[in-house]
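For reference, the structure discussed in these notes is given below.
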Amino acid sequence: MADPNAVAKMEKIVALCKRRGFIFQSSEIYGGLNGAWDYGPLGVELKRNLKDYWWKCMTQLRDDIVGFDGSILMNRAVWKASGHEDTFSDPMVECPITKKRFRPDQVEPQSGTVYSYAGVNITSFMRTEETPGAISAIIWTGDTPMTYLEKIPFKVLIPNGKGDSFAEKVAKQFYSQRGFKDFELVLTSKEPIENSTAFNPENGVLLSEPRIFNLMLKTYIGPVQDDSAITYLRPETAQSMFTQFKNVLDVSQKKLPFGIAQIGKAFRNEINPRNFTFRSREFEQMEVEFFVKPGTGPEWLEKWREERLAWYEAIGIPRAKIHVLTVPEKDRAFYSQGTYDLEYEFPFGVQELEGIAHRGNYDLKQHQEASGKPLEYFDEESKTKYLPEVVEPSAGVDRTVLALLCEAYDEETIKDEESGKEETRVVLRFAPRIAPIKAAIFPLLKNKPELVAIARDVYKSLQPLLKVAYADTAAIGRRYRRMDEVGTPFGITIDFETLEGAKEASTSATGANISAGQKDTVTLRHRDTMKQERIAIADLPAYLLSKIS
Ligand code: GAP
């Protein structure tokens, strides 16, 4: 059962994202497209700050990783060799009425009443009478979860089953063959459910048995749409880094251990996109393929786990909110020799943000064999050739943006600075380095040309250095509040003390002394504490830059 507070929080975040221009539904005016999202003016800044910081940490602050930008479309042979064409798939169950598909592991088993009628093909429906109005369904009849299915009590109603022993027999066989034990057959004179006007498929149906669906989005290259023209939109950015391993190695002249970093779009035909942007069909990944000497994969897996946890902390996601899951062997991707999932406490549950996998030499080996081109590394020290192992930290951009929004979202009751009335302040407490707008510049009054002139000058002087906003409409309290809601860490107000000199001596935000009467100072307001202090205009650039880096 979902926690109502968590649901409410998520709804507020989604509403804020739309209201303030972080994230919109794709194709909204046409009813949207499930699993696709557009980032608005503030969302794109947030996302860019996140990607830039990752890029800087990987390719600028380290000597052992180089950057890369591969194409989304690749030769189909890549996906055959990597194993994606055959194995990148999920089992799915289908609703016979709506044709919607669900991942079996995401369908809650429920008890209820199954309506069953017999014919050449038996079809069964199930309504959740214990949970009237509950959406989605129900139970599935695959191989694995039989143990828990056995525990579910339910009734099988045989409509029009006035002693119809054939229907009864078939129904009994149907359910017992599928491992259901705790069911009761009830003959009823009711109409078959699909003829009943009361039937609402959203109330639940017995889903189909799980079938395997490939998650790659297929497309055709060129004018003829036949088999030879098939390729896929990449489901991960990783493969282009494997196929170009040799070229990158040659041009960068790196020695092991060394890595290739890439940020880019990936596409998956997810069965059930959900939780806002969390599971999308089009999303971005930030991946490093880190090539290491054979045998050293496990040790690098540990190093990367620590490195990545520290990175999340640096963007404002505390370590305590990240759960490290050691993925059990049975749940690991087929190529993995060991995987950690870094999971975040989203309002809708603890869910994966990033996977860190020890892929062994699986990918290079596959591509070497399938292409016939050598992808080995020549080790100068040992004078031997070998295929390196790979450790891969693979993070989702959109999921991290969502985690940042969830982590930053806060509400508090405050007294309005002007009216003194109590009100709710919504604030996004982004770390300054990822905040979409770093500082907002406000002339206290928009009809005082002296204030406006200085405010424009301050704005123009900061604009080349960082993303700043200028706001002169509404009362100053309202302007502060609007900037709090989008997570702007600093407010800079040009007021009468700027013109006439500071009322009293104080210590500036930079630690410098401001003497009473000193001109060219401004009010600096801090988003999180709402504390205000004075700072000299001349000190603003250095101060702000130090705070955001
Ligand atoms: N190259 C390895 C790989 O792709 P993955 O665990 O399938 O591994 C890595 O994906 C990351 O990509 C995930 O941890 C997640 O952050 C992101 N991701 C995967 N599928 C996603 C989806 N449908 N929507 C949004 N992000 C997704």
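Keep in mind it's a predicted model, so treat the numbers as computed, not measured. Reckoned from all heavy atoms, side chains included, excluding hydrogens, waters and symmetry mates. In each ligand, atom 1 is the first atom listed, and ligand 1 is the first ligand listed.
Not a single heavy atom of W37 sits closer than 4.0 Å to an atom of ligand 1. D398 does not count as a contact of ligand 1, since none of its heavy atoms falls under 4.0 Å from the ligand. Within the 4.0 Å heavy-atom shell around ligand 1 one does not find R234.
Comparing heavy-atom distances from atom 24 (N) of ligand 1 across G396, S280, A403, P393 singles out S280 as nearest.
For ligand 1, none of its N or O atoms has an N or O atom of F283 under 3.5 Å away. In terms of polar-atom proximity, Q285 is counted as a contact of ligand 1, with an N or O under 3.5 Å from an N or O of the ligand. Not a single N or O atom of A395, backbone or side chain, sits closer than 3.5 Å to an N or O atom of ligand 1. Residue R268 places at least one N or O, backbone or side chain, under 3.5 Å from an N or O of ligand 1.
Between K321 and E345 there is no salt bridge, since no side-chain N of the basic residue sits under 4.0 Å from a carboxylate O of the acidic one. A salt bridge links K265 with E282: the closest approach of a Lys/Arg side-chain nitrogen to an acidic carboxylate oxygen falls below 4.0 angstrom.
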Kindly list each side-chain donor-acceptor pair under 3.5 angstrom involving residues 58-68, sequence neighbours excluded, with atom names and distances?
| unit_1 | atom_1 | unit_2 | atom_2 | d |
| --- | --- | --- | --- | --- |
| T59 | OG1 | W55 | O | 2.8 |
| R62 | NE | D64 | OD1 | 2.8 |
| R62 | NH1 | E307 | OE2 | 3.4 |
| R62 | NH2 | D64 | OD1 | 3.4 |
| R62 | NH2 | D64 | OD2 | 2.9 |

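Side-chain contact of T243 with S240: a donor-acceptor pair under 3.5 Å is absent, judged by distance alone.
At most 12 non-hydrogen atoms from other residues, nucleotides or ligands lie less than 6.0 angstrom from NZ of K18.
Listed by chain and number, the residues in a side chain to side chain donor-acceptor pair (under 3.5 Å) with N247 are Q244 (sequence neighbours excluded).
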